[in-house]
Q: 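Here it is, the structure, as structure tokens.
Here is the naming used below: chain letters follow the sequence lines, and residue numbers restart at 1 for every chain. Scope of the values below: all heavy atoms of this structure, side chains included, with no hydrogens, waters or symmetry mates. All figures in this text were calculated on a predicted structure; none of them were measured in a lab.
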There are 2 protein chains.
Amino acid sequence: MARTQGSHSDITGPKVRDTALRLFAQHGYAAVSMRQIAREVGVQVGALYNYTPDKQALLFSLLKGHMDELLSTWEAEPRPDGPRDRLEAFVRFHIRFNLDRPQAIFISYMELRNLAPENFAVIEAQRKVYEGALEAILRDGQSEGVFSVPDTRLASYALIAMLTGVNTWYRAGGRLSIEEVADIYWDMVRKSVSAD
Amino acid sequence: MARTQGSHSDITGPKVRDTALRLFAQHGYAAVSMRQIAREVGVQVGALYNYTPDKQALLFSLLKGHMDELLSTWEAEPRPDGPRDRLEAFVRFHIRFNLDRPQAIFISYMELRNLAPENFAVIEAQRKVYEGALEAILRDGQSEGVFSVPDTRLASYALIAMLTGVNTWYRAGGRLSIEEVADIYWDMVRKSVSAD
DNA sequence: AGATTAACTGAACGGATGTTCAGAACAAGG
DNA sequence: CCTTGTTCTGAACATCCGTTCAGTTAATCT
């Protein structure tokens, strides 16, 4: 039998993506087989190829979709005046965005090396744009004299790593809410760049 | 032919570990085959099983060896008086240690999920010991009034993530020496906990 | 009602996987 | 010099891999 009742592409399609995202985040791209994805979706393995040309494209599509959403959401955020408030906005945005999609964040840091070179280049370029936004804030603050950062490039790396690290330990329903976490991180970031 | 001249276990053994470490770091545990390791070592695949009971044990052995070295090296470090100097020692030690073994650091953060549960528990416990050392410093500094950190647990996570992040961008021979990098990071860490 | 099309099954393809093992080649010890 | 033990080869094992495709089913269109 094929095409059981109510199973259409607009149901199976997202299900394939969701399942792949979850399994890739849990076990890693290389450790997850197409058959495993199919089993959890509830179809035979061949059916997956209605939704992706191959396994590599599935990974790339997930990462690309995530980066597109990250960039467009960030650009739609209110952009306060002055480096200090812009930095705070970045910190709070980053933490909120990350904690809302832990799996996507996880694979977009862990599975980069499993991208084909041309796919890697695309994602890497998008990441540079995003991290560049942080560095621009730091540079502005430094030149306006409201921050004191000896090396803005390096500081942006350090802060990104610190902020992205929340995903390794934060669990929803824990002792701290997302807002409380953001408050604490912002406190540390603010002091680390010597802002008021 | 077998046993060609000069190939003994005290040469092949370390070569297997070095090769496995390099390949795991480069492509990921699941993406590297035993045959690939054997090829780069220069033996047939069966010969690897003189040095490890199986692939999983090889990964665990690499991670365990790394964590053992991390803990014993840290415990052998001079232990300055007072939280401020102890924190500085920790920061400089961590950066130095990490940048000296980028591959081992990489796999011990990336390949944890590929460990069998009982192996994972061992490594996780060791990691907790190490991170606990940082938190103890923060707690002491907080209670002595030389630091101002609202949440020492969370701050230790944040700082560890920030410090470990150096491995993602630092390349030997770049524009900054390890000492310069450590100076800059220490400056940020110091300020983030409000130490003089 | 009949034709068309989208969605899926079931099976197959060649090749790669981790692991085992009998036997060969060599070095060392008596 | 002959035995013993170590180290390795070469081949095999069963199983899994990503991917393809002819055929089947069910929804949609005319």
Q: For the pair A:Lys55 and A:Glu111, find out whether any cationic side-chain nitrogen is under 4.0 Å from an anionic carboxylate oxygen.
A: no
Q: Around atom CZ of B:Arg22, are there more than 12 heavy atoms from other residues, nucleotides or ligands closer than 6.0 Å?
A: yes
Q: When the distance from OH of B:Tyr49 to P of D:dG10 is rounded to whole Å, what number comes out?
A: 18 Å
Q: Where the side chain of B:Arg35 is defined as all heavy atoms beyond and including C-beta, which of D:dT19, C:dT9, C:dT17 is the nearest nucleotide?
A: C:dT17
Q: For A:Gln36 and D:dG18, give me the distance from atom CD to atom C1', rounded to whole Å.
A: 14 Å
Q: To the nearest Å, give me how far apart CD1 (B:Ile37) and P (C:dA16) are.
A: 17 Å
Q: Which nucleotide sits closest to the side chain of A:Lys55: D:dG18, D:dC8, C:dT9?
A: D:dG18
Q: Rounded to the Å, how far apart are B:Asp10 CG and D:dG5 P?
A: 20 Å
Q: Around atom CZ of B:Arg153, are there more than 12 heavy atoms from other residues, nucleotides or ligands closer than 6.0 Å?
A: no
Q: Between B:Ser33 and C:dA16, does any side-chain N or O lie under 4.0 Å from OP1 or OP2?
A: no
Q: Quick one: B:Asp54 CG to C:dT17 C1', roughly how many Å, whole number?
A: 14 Å
Q: Tell me which of B:Gly42 and A:Gly46 sits closer to the 5' end of DNA chain D, going by the nucleotide each one is nearest to.
A: B:Gly42
Q: Looking at A:Thr12, does any N or O in its side chain come under 4.0 Å of the phosphate oxygens OP1/OP2 on C:dC8?
A: yes
Q: Measuring to OP1 and OP2 of D:dT7, would you say a side-chain N or O of B:Tyr51 lies under 4.0 angstrom away?
A: no
Q: Which listed nucleotide (C:dG18, C:dC8, D:dT19) is nearest to the side chain of A:Ala47?
A: C:dC8
Q: Which whole-number value in Å describes the distance from A:Gln44 CD to D:dT19 P?
A: 17 Å
Q: Check whether the side chains of B:Tyr29 and B:Arg113 place a donor and an acceptor atom closer than 3.5 Å, and report yes or no.
A: no
Q: Without decimals, in angstroms, what is the distance between B:Leu48 CG and D:dC8 P?
A: 10 Å
Q: What is the separation between atom CG on B:Asn50 and atom P on C:dT19, rounded to the nearest whole Å?
A: 14 Å
Q: Looking for any heavy atom pair under 4.0 Å, which part of the strands does A:Val32 touch: base, sugar-phosphate only, or nothing?
A: sugar-phosphate
Q: Does the distance from a Lys or Arg side-chain N to an Asp or Glu carboxylate O, for B:Asp18 and B:Lys15, drop under 4.0 Å?
A: no
